[in-house]
Amino acid sequence: YEISLGLVGSEMCIETAQQKRNKEHKQLVAGAKKGDEIVTNGGLLGKITEVDDHFITLEIAPNTSVQVMKTSISTVMPKGTYASAGKAKK
């Protein structure tokens, strides 16, 4: 009986943590705006140039942009990260 209560309690904690991460990611995606520098789940680093309901346009190099789903945003990076990453490659 005690073991089953422990398992239920730990599972509730895990579900709560996952729900918190999901909520934070939804807020991150909803707050995406032009000019933000982001990393996608696939590892692309770029600057958002356009935003619509489901997709963003991401500049990944000068004169090179891709469209990705907003839900693929993994992290918002500090301003200047995209520019400094481009300089490091030269």
Side-chain angles (χ1 to χ4, degrees):
Y1 180 71
E2 292 174 10
I3 293 174
S4 63
L5 284 178
L7 291 175
V8 170
S10 64
E11 189 164 324
M12 290 176 73
C13 289
I14 291 170
E15 287 181 25
T16 303
Q18 182 65 38
Q19 289 170 344
K20 182 179 177 186
R21 282 192 294 273
N22 287 345
K23 182 179 178 181
E24 289 171 351
H25 186 255
K26 283 182 183 180
Q27 290 173 340
L28 176 78
V29 168
K33 61 188 180 304
K34 184 176 178 176
D36 283 351
E37 298 178 15
I38 63 145
V39 175
T40 67
N41 290 331
L44 289 175
L45 169 67
K47 184 185 287 189
I48 297 175
T49 57
E50 293 180 36
V51 179
D52 71 19
D53 290 340
H54 301 286
F55 290 89
I56 59 171
T57 302
L58 190 64
E59 180 185 279
I60 56 172
N63 300 316
T64 306
S65 296
V66 293
Q67 281 191 318
V68 296
M69 293 184 69
K70 287 173 81 173
T71 56
S72 71
I73 297 172
S74 174
T75 309
V76 176
M77 302 299 289
K79 297 284 184 199
T81 303
Y82 172 66
S84 66
K87 291 177 185 174
K89 292 180 183 177
K90 293 182 180 179

Are Val68 and Val29 linked, directly or through intermediate hydrophobic residues, by side-chain heavy-atom contacts shorter than 4.5 Å (ILVMFWY only)?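 No: no chain of side-chain contacts under 4.5 Å links Val29 to Val68.
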
Among the clusters formed by ILVMFWY side chains lying less than 4.5 Å apart, do Val39 and Phe55 turn up in the same one?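 Shared cluster, no.
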
Chi angles and distances behind the side chain to side chain contact (heavy atoms under 4.5 Å, CB included) call for Ile56, Ile38: CA-CA 11 Å; Ile56 59 171; Ile38 63 145; 3.6 Å; yes

Strictly distance-based, threshold 3.5 Å: is any side-chain N or O of [X] a donor or acceptor partner for the main-chain N or O of [Y]?
X: His25; Y: Ile73; answer: yes
X: Ser84; Y: Gly80; answer: yes
X: Lys79; Y: Gly35; answer: yes

Please give me the minimum heavy-atom distance between [X] and [Y], naming the atom from each residue.
X: Lys47; Y: Tyr82; value: CB-CD2, 4.1 Å
X: Ala85; Y: Leu45; value: CB-CD2, 3.5 Å
X: Asp36; Y: Gly31; value: OD2-O, 3.9 Å
X: Asp52; Y: His54; value: OD1-N, 3.0 Å

Assess whether atom NZ of Lys26 is packed by more than 12 heavy atoms of other residues, nucleotides or ligands within 6.0 Å.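 Open.
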
Test side chain to side chain contact (heavy atoms under 4.5 Å, CB included) on Glu59 and Ile48; report intermediate values, then the result. CA-CA 6 Å; Glu59 180 185 279; Ile48 297 175; over 6 Å; no

Can you tell which of Leu28, Leu44, Asn41 makes a side chain to side chain contact (heavy atoms under 4.5 Å, CB included) with Ser74?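 Of the listed options, the one satisfying the test is Asn41.
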
Nearest-0.5 Å distance that lies between atom CG in Asp53 and atom NZ in Lys70: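 The distance works out to 7.0 Å.
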
